[in-house]
Student: 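Before I ask anything, here is the structure I am working with.
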Amino acid sequence: MKQLTAFIRKEFMELTRTGKLFILMILFILFGIMNPAIAKLTPWMMDNLVETGFALPAVDVNALTSWTQFYKNIPIALIVFLLLFSSTLTLEYQKGTLINMVTKGMKRWKIIVSKAVSICLLWTAGYWLCYGITYGYNAYFWDNRIASHLYFSAFCFYLAGLWLISVLLLLSVFFRTNSLVIISAGGTFLIFYLLGLLPDIKNYLPVYLMGASRLLTGSGKISEYIFAVLFTLALSAGNISAAVLCFNKRNI
């Protein structure tokens, strides 16, 4: 256990030293502020367009407008997050630091688990920080009660992010360059997205959780997402377990 906590601490020290931690926190804070800011500025922008000759209908801006912006922006934050961590293992391969750790008695599974824990903790902190900022501003300017199933819809996208992190870690075990990890992760997402077009299985897939924002308008039910939540949890745990098993047999 001491080795595991020490390696997790080492991961956070590395993130601080490289500036990734600072970049991520600034990113999520900016996105959290930007969601209500764009919603608040929408009437002003619409008025300017009308003055230039565009015929536009009146727009009723409320908390739902800001939450819609949140679900438009958070996928961008997730992509940046995954890009920053695409080298989580490949950089270790290139530096040869993994060999030193293993030869000094570090259990291989602890390397994968520590990286999984540190990345998931950062995603958790960043995502809910962004969510909390948006929620606070929305409560101040409008009323969050206009949105239905506000917490569950946010949890669904958060869980989809954890699944993609588990995919990234599994692929990082097999590939030695982050470009291959990124391409493979994108290909994996594309496969699941295409599978999501099949009506019989779409409600079971992790990508289905990314559309949970429609719950905000009351156009869906929580029960429609339960199977996707359970399957995503099982798939994420399976990816991490597979990463540990494959890493144990990998020649580093």
Side-chain angles (χ1 to χ4, degrees), residues 8 11-12 15 20-21 23-32 34-35 67-89 112-135 149-172 178 181-193 195-196 202-216 222 225-243:
I8 291 173
E11 288 293 311
F12 278 101
L15 289 169
K20 284 184 179 180
L21 185 61
I23 292 170
L24 285 172
M25 290 303 105
I26 292 297
L27 174 73
F28 283 111
I29 290 171
L30 284 177
F31 273 105
M34 189 168 59
N35 301 319
W67 284 120
T68 301
Q69 198 64 43
F70 173 84
Y71 286 103
K72 287 180 180 178
N73 290 332
I74 200 63
I76 301 172
L78 177 57
I79 291 171
V80 175
F81 184 90
L82 293 173
L83 288 173
L84 284 173
F85 286 99
S86 61
S87 61
T88 185
L89 268 177
I112 298 298
V113 171
S114 60
K115 288 186 175 293
V117 169
S118 58
I119 297 173
C120 288
L121 282 176
L122 276 175
W123 168 243
T124 301
Y127 180 85
W128 293 111
L129 175 64
C130 181
Y131 176 89
I133 292 172
T134 300
Y135 187 96
H149 308 302
L150 194 57
Y151 306 115
F152 183 78
S153 58
F155 171 74
C156 285
F157 194 94
Y158 164 74
L159 189 57
L162 291 181
W163 165 68
L164 283 171
I165 289 170
S166 72
V167 170
L168 196 75
L169 279 170
L170 178 58
L171 293 171
S172 296
N178 62 322
V181 172
I182 293 168
I183 292 169
S184 300
T188 302
F189 178 82
L190 180 61
I191 290 170
F192 274 87
Y193 177 80
L195 288 173
K202 70 175 185 178
N203 288 25
Y204 296 85
L205 301 177
V207 291
Y208 188 65
L209 297 177
M210 293 183 169
S213 57
R214 70 189 187 94
L215 289 171
L216 298 177
I222 290 178
Y225 294 87
I226 297 301
F227 287 115
V229 167
L230 295 175
F231 182 68
T232 301
L233 285 170
L235 193 59
S236 300
N239 286 339
I240 299 298
S241 300

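The figures here come from the full heavy-atom set of this structure, side chains too, leaving out hydrogens, waters and symmetry mates.
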Student: Rounded to the nearest 0.5 Å, how far apart are CD1 of Ile133 and CD1 of Ile29?
Tutor: 5.0 Å
Student: Can you confirm whether Phe152 is buried at CZ, in the sense that more than 12 heavy atoms of other residues, nucleotides or ligands lie under 6.0 Å from that atom?
Tutor: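 Atom CZ in Phe152 is packed in, count exceeds 12.
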Student: Hey, which of Phe31, Phe28, Trp67 is the one that makes ring-ring contact (aromatic ring centres under 6.0 Å, His included) with Tyr131?
Tutor: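 Of the listed residues Phe31, Phe28, Trp67, the ring-ring contact (aromatic ring centres under 6.0 Å, His included) partner of Tyr131 is Trp67.
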Student: What heavy-atom pair brings Ser87 and Lys20 nearest, and what distance separates the two atoms?
Tutor: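 Scanning both residues completely, I find the closest heavy atoms to be OG-NZ, 3.8 Å.
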Student: How long is the straight-line distance from CG of Leu164 back to OG1 of Thr232, given to the nearest 0.5 Å?
Tutor: 9.5 Å
Student: Hey, can you pull the donor-acceptor pairs under 3.5 Å for the side chains in residues 206-213, sequence neighbours left out?
Tutor:
from   : atom 1 : to     : atom 2 : distance (Å)
Tyr208 : OH     : Arg214 : NH2    : 3.3

Student: Identify the two heavy atoms, one from Tyr225 and one from Cys156, that lie closest to each other, and give their separation to 0.1 Å.
Tutor: CB-SG, 4.4 Å
Student: Should we count OH of Tyr71 as having more than 12 external heavy atoms under 6.0 Å?
Tutor: yes
Student: Please step through side chain to side chain contact (heavy atoms under 4.5 Å, CB included) for the pair Leu27 and Phe81, ending with a clear verdict.
Tutor: CA-CA 9 Å; Leu27 174 73; Phe81 184 90; 5.7 Å; no
Student: Got a second to check how far Ile182's CD1 is from Ile79's CD1, nearest 0.5 Å?
Tutor: 11.5 Å
Student: With side-chain contact (heavy atoms from CB on, under 4.5 Å) as the test, pick out the partner of Ile165 among Leu82, Thr88, Leu122.
Tutor: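 Answer after filtering Leu82, Thr88, Leu122: Leu82.
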Student: Are any non-hydrogen side-chain atoms of Ile112 and Leu89 less than 4.5 angstrom apart?
Tutor: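 Answer yes - side chains close enough.
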Student: Taking side-chain hydrogen bond (donor to acceptor under 3.5 Å, both in side chains) as the cut-off, I'd like each qualifying pair that reaches into residues 156-172, sequence neighbours left out, listed once.
Tutor: Thr124-Tyr158, Ser166-Asn239
Student: I need the minimum non-hydrogen distance between Leu162 and Cys120, along with the two atoms involved.
Tutor: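 Result for this residue pair: CD2-SG, 3.8 Å.
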Student: On a heavy-atom basis, which atom in His149 and which in Leu215 lie closest, and how many Å separate them?
Tutor: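 His149 and Leu215 have their closest heavy atoms at CD2-O, 3.8 Å.
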Student: Quick check on Tyr193: does its OH atom have over 12 non-hydrogen neighbours (other residues, nucleotides or ligands) under 6.0 Å away?
Tutor: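 No.
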Student: First locate atom CG of Leu169, then atom CD1 of Ile119, and finally report the distance between them rounded to the nearest 0.5 Å.
Tutor: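 The distance works out to 4.5 Å.
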Student: Take Trp123 and Leu78, measure what side chain to side chain contact (heavy atoms under 4.5 Å, CB included) needs, and give me the verdict at the end.
Tutor: CA-CA 8 Å; Trp123 168 243; Leu78 177 57; 3.7 Å; yes
Student: Mind checking whether Phe192 and Leu205 have side chains closer than 4.5 Å, heavy atoms only?
Tutor: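 Sidechains of Leu205 and Phe192: in contact.
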Student: Considering all heavy atoms of both residues, which atom of Lys202 and which atom of Gly196 are nearest to each other, and what is their separation?
Tutor: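 In terms of heavy atoms, the two residues are closest at CB-O, 3.0 Å.
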Student: Between atom CZ of Phe70 and atom CG of Leu150, what is the distance when rounded to the nearest 0.5 Å?
Tutor: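 It comes to 9.0 Å.
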Student: Between Tyr135 and Tyr151, is any pair of side-chain heavy atoms under 4.5 Å apart?
Tutor: yes
Student: What are the two closest non-hydrogen atoms of Cys130 and Ile74, and how far apart are they?
Tutor: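 Scanning both residues, the minimum pair turns out to be SG-CD1, 4.1 Å.
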Student: What's the separation between atom CG in Leu168 and atom OG in Ser184, rounded to the nearest 0.5 Å?
Tutor: 10.0 Å
Student: Check the pair Phe85, Leu15 against side chain to side chain contact (heavy atoms under 4.5 Å, CB included), reporting the backbone distance first and the verdict last.
Tutor: CA-CA 10 Å; Phe85 286 99; Leu15 289 169; 3.5 Å; yes
